[in-house]
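Indexing begins at 1, ligand by ligand and atom by atom, following the structure's order.
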Amino acid sequence: MMYYQALIYIPYAILVNIFASYLLTDYWLNVILDKYIGDEPVITRYFDHIVVGGGTAGIAVASRLAENEAHTVLLIEAGPKVSLLYDIPLATPMFQKSPIDWKHRTESQLEACLAMKNNSSQWPAGKVLGGSSRINFNIHVRGHISTDYLSWQYEQDWTKEDVLYYFNKYEKADTYYNRSPNKKQFFSHQPTHVTPIATAILEAANELDFNTSFDMNNDGFHISRRDGGSFSLTPVSIRTGARLSAEHLYLKSRKKKNLTVLTNALVTKVLFKHNFEANGVMYNRFDQVYKVHALKSVVMSAGTLNTAKILLSSGIGPAHQLKPLKIPVIADLPVGENLQDHIITGLDMITLEKSLDLTFKDFISPINIFKYFFKGTGTWTHPGCEAVGLLQLPSDKKNYSVSSPDLQFMLLPYGVSSDAGAAYFNHLNFKNEIWKEYFQPLVGRQVISLAPVLLHPQSRGYVKLDINHEIVVQPNYLQKTHDVSVLVQGMKLVKKFAETKPLSKLGAMFNTKHFPGCQKYKFGSDYYWECYIRHMTLTSYHPVGTCKMGSIHNKSVVDHSLRVHKLNKLYVIDASIMPSMPSGNINAVVAMIAEKGADLIKKHCFQRTQKCKITDFLYYGNKY
Ligand SMILES: Cc1cc2nc3c(=O)[nH]c(=O)nc-3n(C[C@H](O)[C@H](O)[C@H](O)COP(=O)(O)OP(=O)(O)OC[C@H]3O[C@@H](n4cnc5c(N)ncnc54)[C@H](O)[C@@H]3O)c2cc1C
């Protein structure tokens with residue numbers, strides 16, 4: 001980088017550091033306050049329901065269960081609460097590798113992640129009240145509702161109508177929980193702030209004959225062969241400019257006396273009566289070990305990796321793995337198998353002659369700060385992703401009425417090079433030589449990323465425990481040729497977008513520099529793109545599937561009512577139960593699962609004990 005270019009980034013680096021220091025201080029202050037003047041730890045009390053993990057799913061489940069005032073509910077979260085400045089959407093990338101990130105990383109990949117140190121991918125996840133909904137990019141999509149959930153269906157459960165009912169229930173939760181006529185319903189159909197590239201991409205999509213008039217979150221959304229694909233501005237879960245996490249949605253108002261929220265408490269094991277009935281959990285809090293008991297249900301909502309870890313540590317998992325680790329087997333089930341993730345690639349592939357005004361000057365402009373705090377608009381509300389597209393790859397063999405889209409496109413008005421190496425390069429774990437050779441020469445230029453995402457990977461990975469009982473994360477990225485070929489077609493389409501008239505008007509140029517390690521292939525050939533994708537294999541942050549839902553003969557962990565097979569009163573309700581991936585970002589899908597899961601628990605509890613209040617049940621659990 002030239003000397004004068006480096007100078008430009010000095011104020012940016014100072015700003016980032018000041019803000020990072022604030023976040024850190026806020027974090028430690030919250031932890032210390034919780035330790036010394038927070039709620040008393042729950043020592044040997046009994047609750048009706050215990051929910052492990054205060055993330056997207058756990059918060060929704062605990063809040064819904066607590067609607068029955070006759071029941072007591074304990075929500076246990078490993079991370080702390082955080083405060084106001086964490087709500088700024090523009091600050092989102094700063095949460096990765098911070099204390100509120102679990103900082104998971106994958107095993108070294110054989111034929112993927114070749115541009116990353118140790119060929120390993122960093123997998124962030126929220127370790128904070130709100131979970132990953134507190135560190136995500138706020139994209140709110142339901143997937144391709146007409147086809148994505150067909151394979152989940154079982155009798156009356158998980159039908160298209162059922163799934164729609166719970167998406168709608170979640171989307172109306174804000175109206176229900178925060179009843180104030182001045183507050184808008186939580187998810188907006190449009191991001192609050194976009195740059196001119198968003199309009200240009202939608203016009204380009206039109207030029208390429210894709211549909212741009214669909215609302216992707218409409219109940220009847222479907223992409224036919226004729227449409228081929230659909231692009232729109234990104235629907236986001238942002239209210240009045242600020243992040244709307246699960247915590248904001250369900251916990252910030254309508255405090256319930258029968259719901260106890262315990263933060264900074266790490267659950268290590270599920271406890272059982274007669275090795276069959278879950279009746280509590282063990283947890284560590286500020287170096288003390290506690291046990292707490294549940295009368296009606298123990299719900300695991302610790303996310304795809306940690307739910308699997310806790311179950312395996314408790315003796316629920318493949319017997320052949322647990323026995324050598326000297327963990328007594330309670331139920332021999334395929335916990336940890338079926339790990340899947342969306343892969344994203346193609347960052348920094350387009351440069352523009354025009355600036356999009358998303359520079360440090362815009363970040364620190366007093367006008368933008370004023371706009372954020374007083375109007376809920378402006379650069380600070382920028383969600384990261386400005387537009388999304390869903391695409392069916394053409395095929396004569398495909399039945400379009402039951403086929404899900406193959407690719408998602410995410411439009412980011414920046415790339416790895418945009419912060420001059422301050423954060424993204426490190427978050428994504430790139431090797432130093434890749435940075436120097438490929439990304440650093442782009443510093444100071446306006447880059448954008450129209451990044452293709454593989455929606456339905458065929459490769460399957462796993463999570464298991466190592467000899468120290470820590471988790472090993474092996475996604476087996478790009479083990480199937482299908483996964484590579486879908487992404488190759490995605491990269492070819494990015495080039496087509498760069499060549500459209502709307503992008504040419506902004507001075508768009510496709511980045512034709514050979515990626516380090518792929519010089520021997522002709523640029524743009526299928527072999528070249530395969531090599532590129534195997535180097536630039538990035539997570540889209542959507543691990544799912546380690547506690548797969550299905551019938552017992554179907555090698556699954558939970559049944560269609562989300563109860564762990566072979567055991568009593570133990571539920572899994574989070575991203576880990578997904579048997580297959582939805583066509584899009586998964587937060588809303590997890591919330592839909594949680595809304596349904598809470599109703600299922602109410603139904604079982606009612607059937608078992610008849611002690612639930614019938615009026616509550618009819619009102620909230622009216623599906624049953
Ligand atoms: C960086 C990032 C960006 C993303 N962007 C988007 C997006 O824009 N749109 C979208 O739809 N999806 C996005 N996602 C995905 C989405 O946010 C997650 O899939 C979703 O939040 C998962 O919900 P969950 O309830 O399964 O897990 P989480 O929300 O991760 O919740 C799990 C909770 O359990 C807690 N926990 C874990 N272990 C323990 C333990 N032992 N004891 C106690 N508590 C424990 C965790 O601290 C956490 O709070 C993103 C994810 C990440 C990480």
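Polar contact check, Ala125 against ligand 1: no nitrogen or oxygen pair lies under 3.5 Å apart. Here's the thing with Gln96: none of its N/O atoms is less than 3.5 angstrom from an N/O atom of ligand 1. Between Phe137 and ligand 1, at least one N/O pair is under 3.5 Å apart. Taking only nitrogen or oxygen atoms, main chain and side chain alike, Ala575 reaches within less than 3.5 Å of ligand 1. Considering both main-chain and side-chain atoms, Gly126 comes within under 3.5 Å of ligand 1 through a nitrogen or oxygen pair. Where the criterion is an N or O separation shorter than 3.5 Å, residue side chain and backbone included, Ile586 meets it with respect to ligand 1. Ligand 1 has an N or O atom lying under 3.5 Å from an N or O atom of Ile139, backbone or side chain.
Not a single heavy atom of Thr268 lies less than 4.0 angstrom from ligand 1. By the 4.0 Å heavy-atom criterion, Ala265 is counted among the residues contacting ligand 1. At least one heavy atom of Trp102 lies less than 4.0 angstrom from ligand 1.
Using modelled atom types, one finds a donor on one side chain and an acceptor on the other under 3.5 Å when comparing Ser580 with Trp152. For the residue pair Asn136/Arg243, the side-chain donor-acceptor check at 3.5 Å is satisfied. Checking Asn585 against Gln408 by side-chain atom types alone, a donor-acceptor pair falls below 3.5 Å. Between Tyr477 and Asp483, the side chains place no donor N or O within less than 3.5 Å of an acceptor N or O (distance only, hydrogens not considered). Judged by distance alone, the side chains of Asn30 and Asp34 never bring a donor and an acceptor atom under 3.5 Å apart. Under 3.5 Å, the side chains of Tyr462 and Gln321 contain no donor-acceptor pair of N or O atoms. For Asp148 and Ser583, the side-chain atoms include at least one donor-acceptor pair closer than 3.5 Å.
Contacts between Ala78 and ligand 1 below 4.0 angstrom, taking non-hydrogen atoms only, involve backbone and side chain alike. Neither the backbone nor the side chain of Thr307 comes within 4.0 Å of ligand 1, counting heavy atoms alone. If you look at Thr92 next to ligand 1, there are no close heavy atoms at all, none under 4.0 Å. Under 4.0 angstrom from ligand 1, the non-hydrogen atoms of Ser301 all belong to its backbone.
In summary, Arg460 and Glu337 do not engage in a salt bridge, as defined by a charged side-chain N under 4.0 Å from a carboxylate O. Between Lys309 and Glu470 there is a salt bridge, since a side-chain N of the basic residue sits under 4.0 Å from a carboxylate O of the acidic one.
Every atom of ligand 1 is numbered from 1 in the order shown, and the set under 4.0 Å from a heavy atom of Ala57 is 25 (O). Counting the atoms of ligand 1 from 1 in the order shown, those under 4.0 Å from a heavy atom of Ile310 are 40 (C), 41 (N).
The distance between the ring centers of Tyr424 and Tyr414 falls below 6.0 angstrom.
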